[in-house]
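Below you'll find the structure, written out as C-alpha cells, and then a few comments.
Predicted, not measured: the structure shown is a model, and the values here were computed from it.
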Amino acid sequence: MKLYGREWTRRELEARVGRIEQIAGIRRFISAEGNEAGVEQIQVRTGAGLSYFVTPTKGLDISLAEYHGVPISWQSCNGDTHPRYYEPKDNGWLRTASGGLLMTCGLMQVGSACEDQGERLGLHGRAHHTTACQVTAGCSWEEDEMEMRISGVIEETSIFGGHLRLTRQISSRLGENSLFIQDEVRNMGFHRCPHMILYHFNFGFPLLSEDTTVKFQGAKVQSREQETPTDSYDAWHAPDADYQERVYYHYHDSGSQPWVQIENPNFPLVLGGVKVRVSLQWSADTLPNLVQWKMPGAGTHVLGIEPANCHVEGRRKERERGSLLFLEPGETVKYEIRLNLA
C-alpha cells in the first residue's frame with residue numbers, strides 16, 4: 001500500500017512497529033460520565049490522516065471525524081447522548097441528536113413529526129437512537145493491503161406493526177482517506193411496510209469557512225419553502241445567530257452517480273493551510289433525492305448533505321404526495337455511500 005509518500009509491503013511496515021495500531025487500526029471504548037455514560041464508540045484510524053468514531057450505541061452512526069487531528073464534522077451541543085434519554089414524541093429527537101459525521105434518519109419515518117394513519121411519529125424516526133447488535137470490528141490483510149471493517153444490525157420493530165432490519169458495514173483501508181458505507185434494509189415482517197431513509201451527513205468548522213465552496217453535480221434544485229431563494233445554496237457564510245435554516249432538494253435521475261464536493265482552500269493543519277476537498281458519492285437508483293440543510297448559524301454552524309429516498313415533511317406528507325416507498329415481505333434494498341478526502 002501507499003503510505004507516507006511511498007509504497008510499502010506488509011512485512012516492511014511490521015518490521016518498523018511493535019504492532020500495526022501504532023500506524024492505523026481500530027480501538028473500542030465506552031464513555032464514563034454524564035449523559036454519554038455507557039455509550040460505546042469504535043475509533044478508526046486509516047494512517048493517512050482520516051480518523052472517525054463509529055457509535056454502535058447509536059445505530060452505528062459516525063460521530064467525530066477528523067483529518068490530521070482537525071475536525072471536518074459538526075458536533076451538536078447534545079454530545080453523544082445515550083439513547084436512554086431519547087424522547088421519541090414530536091421534536092424530542094433534537095434533544096439527543098449527536099450531530100457528528102453521520103446520523104441515520106428512518107427507518108419508517110423521516111422528517112417532520114406527524115400523525116400517519118393514526119400513528120404518532122416523531123421527528124426523523126428512531127434509527128439514530130437504536131442500539132446495534134451483532135457488532136463486529138476488526139482488521140484483515142489481503143497480501144499487502146489492510147482493511148478495517150465494522151458491521152452490525154439495527155432493527156425497528158413493533159408488535160402488530162412493521163419489522164425492518166438494517167445490516168450495516170463501514171470500511172476503510174490503511175493508507176487511504178476514505179470510508180465506504182454499505183447498508184441493506186430487509187422487511188422481516190409478513191406485510192408490506194413503509195420505508196424511509198435519509199443519510200444526514202454533517203460538516204462543520206474549520207472545514208466550513210467563508211472561503212469554502214460547495215459543488216453539486218448538476219441536478220434540479222428546489223427550495224423546501226417557496227419564499228426561499230435558490231441563488232445562494234452553494235455559498236457559505238460567517239456565523240450568524242439570527243440565520244434561519246434553509247432546506248433545498250436536489251433531484252437526480254435514476255442510474256446516475258450523484259456527488260457533492262466541499263472544498264476549503266486553506267484548511268488549517270499544523271504546518272499551515274492546505275487545500276482539502278471532501279467528496280460524497282452515492283447511487284441515485286436507491287437514493288434519488290439529495291436534501292441540503294444550510295445552517296451557518298452561531299453554535300449550530302453546519303452544512304447537512306443528506307442523500308435520501310424521500311423528502312423531509314414527514315411520512316403523512318410523503319403518503320399524500322404518492323411518493324412513500326414500501327418494502328414487501330422479505331424484500332430488501334441496498335444503499336452504498338462513499339466519502340473521500342483529498
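Note on residues 144-192: no pairs pass ring pair (Phe, Tyr, Trp, His ring centres under 6.0 Å), not counting sequence neighbours. Residues in residues 60-88 take part in these salt bridge (charged side-chain N to carboxylate O under 4.0 Å, His left out) pairs, two or more places apart or across chains: Asp61-Arg168, Glu87-Arg95.
Checked against side chain to side chain contact (heavy atoms under 4.5 Å, CB included), Asn187 has the following partners two or more places apart in sequence or in another chain: Leu164, Cys193, Leu327, Pro329. For Asp116, the side-chain hydrogen bond (donor to acceptor under 3.5 Å, both in side chains) partners are Arg315, Arg319, not counting sequence neighbours. Residues that satisfy the side-chain hydrogen bond (donor to acceptor under 3.5 Å, both in side chains) test with Ser151, not counting sequence neighbours, are Thr136. With sequence neighbours excluded, no residue satisfies side-chain hydrogen bond (donor to acceptor under 3.5 Å, both in side chains) with Tyr85. Scanning for ring pair (Phe, Tyr, Trp, His ring centres under 6.0 Å) contacts around Trp293 gives His200, with sequence neighbours left out. In terms of the salt bridge (Lys or Arg N to Asp or Glu O under 4.0 Å) criterion, residue partners of Arg149 (sequence neighbours excluded) are, by chain and number, Glu147. Residues satisfying the side-chain hydrogen bond (donor to acceptor under 3.5 Å, both in side chains) test with Gln292, not counting sequence neighbours, are His250. Applying the side chain to side chain contact (heavy atoms under 4.5 Å, CB included) rule to Pro83 yields the partners Thr57, Lys58, His129, Thr131; only residues at least two apart in sequence or on another chain are considered.
Taking both residues in full, the closest heavy atoms of Ala24 and Gly47 are given as CB-N, 3.6 Å, listed atom of the first, atom of the second, then distance. Of all the heavy atoms in Cys114 and Arg316, the pair that sits closest is SG-N, 3.7 Å.
With rounding to the nearest 0.5 Å, the separation of OG1 in Thr46 from OH in Tyr67 is 9.0 Å. Rounding to the nearest 0.5 Å places CZ of Arg277 at 12.5 Å from OG1 of Thr212. Between atom NZ of residue Lys275 and atom CG of residue Asn266 there is a gap of 12.0 Å, rounded to the nearest 0.5 Å. Taken to the nearest 0.5 Å, the CG atom of Leu50 stands 6.0 Å off from the CG atom of Leu341. With values rounded to the nearest 0.5 angstrom, Ser98 atom OG is found 11.5 Å from Leu64 atom CG. Rounded to the nearest 0.5 Å, atoms SG (Cys133) and CD1 (Ile154) are 8.0 Å apart.
Checked by atom type and distance alone, the side chain of Gln222 never pairs as donor or acceptor with a backbone atom of Arg224 at under 3.5 Å. A donor-acceptor pair under 3.5 Å is absent between the side-chain atoms of Ser178 and the main chain of Leu339, judged by distance alone. Using modelled atom types, no side-chain atom of His252 and backbone atom of Pro258 make a donor-acceptor pair closer than 3.5 Å. With hydrogens and angles disregarded, a donor-acceptor distance shorter than 3.5 Å links the side chain of Arg45 to the backbone of Glu21. In this structure, the side chain of Thr130 does not engage the main chain of Gly59 through any donor-acceptor pair within 3.5 Å. A donor-acceptor pair is defined here as one N or O able to donate and one able to accept, closer than 3.5 Å; no such pair exists between the side chain of Glu176 and the backbone of Ala48.
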Between side-chain atoms of residues 234-243 and protein atoms elsewhere (two or more places apart, or another chain), which donor-acceptor pairs fall under 3.5 Å?
unit_1 : atom_1 : unit_2 : atom_2 : d
Trp236 : NE1    : His301 : NE2    : 3.2
His237 : NE2    : Lys294 : NZ     : 2.9
Asp240 : OD1    : Asp242 : N      : 3.0

Using a 3.5 Å cut-off and no angle test, enumerate the donor-acceptor pairs between side-chain atoms of residues 331-338 and protein atoms at least two apart in sequence or in another chain.
unit_1 : atom_1 : unit_2 : atom_2 : d
Glu331 : OE1    : Glu328 : N      : 2.7
Tyr335 : OH     : His195 : NE2    : 2.8

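Under a cutoff of 6.0 Å and an axis angle of 45°, Arg6 and Trp8 form a cation-pi pair.
Residues Arg165 and Glu155 are paired through a salt bridge, judged by an N-O separation under 4.0 Å between the basic side chain and the carboxylate. A salt bridge links Asp90 to Arg120: one of the charged nitrogens lies within less than 4.0 Å of a carboxylate oxygen. Using a 4.0 Å cut-off between a side-chain N of Lys or Arg and a carboxylate O of Asp or Glu, Glu14 and Arg10 qualify as a salt bridge.
Side-chain polar atoms of Glu40 and Thr55 form no donor-acceptor pair below 3.5 angstrom. For the residue pair Asp144 and Thr9, no side-chain donor N or O sits within less than 3.5 Å of a side-chain acceptor on the partner. A side-chain donor from one of Ser51 and Gln43 sits under 3.5 Å from a side-chain acceptor of the other. No side-chain N or O of His82 forms a donor-acceptor pair with one of Glu36 less than 3.5 Å apart.
Annotation: side chain of Gln117 is not in contact with side chain of Glu119 (no heavy-atom distance under 4.5 Å). Within the 4.5 Å cutoff, the side chain of His128 has no heavy atoms near those of the Thr104 side chain. Counting heavy atoms from C-beta outward, Leu207 and Val278 have side chains that approach closer than 4.5 Å.
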Test side chain to side chain contact (heavy atoms under 4.5 Å, CB included) applied to Asn309 and Thr286, step by step: CA-CA 6 Å; Asn309 71 352; Thr286 51; over 6 Å; no

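Exactly one residue among Tyr249, Tyr251, Tyr233, Trp259 makes a ring-ring contact (aromatic ring centres under 6.0 Å, His included) with Phe216. That residue is Tyr233.
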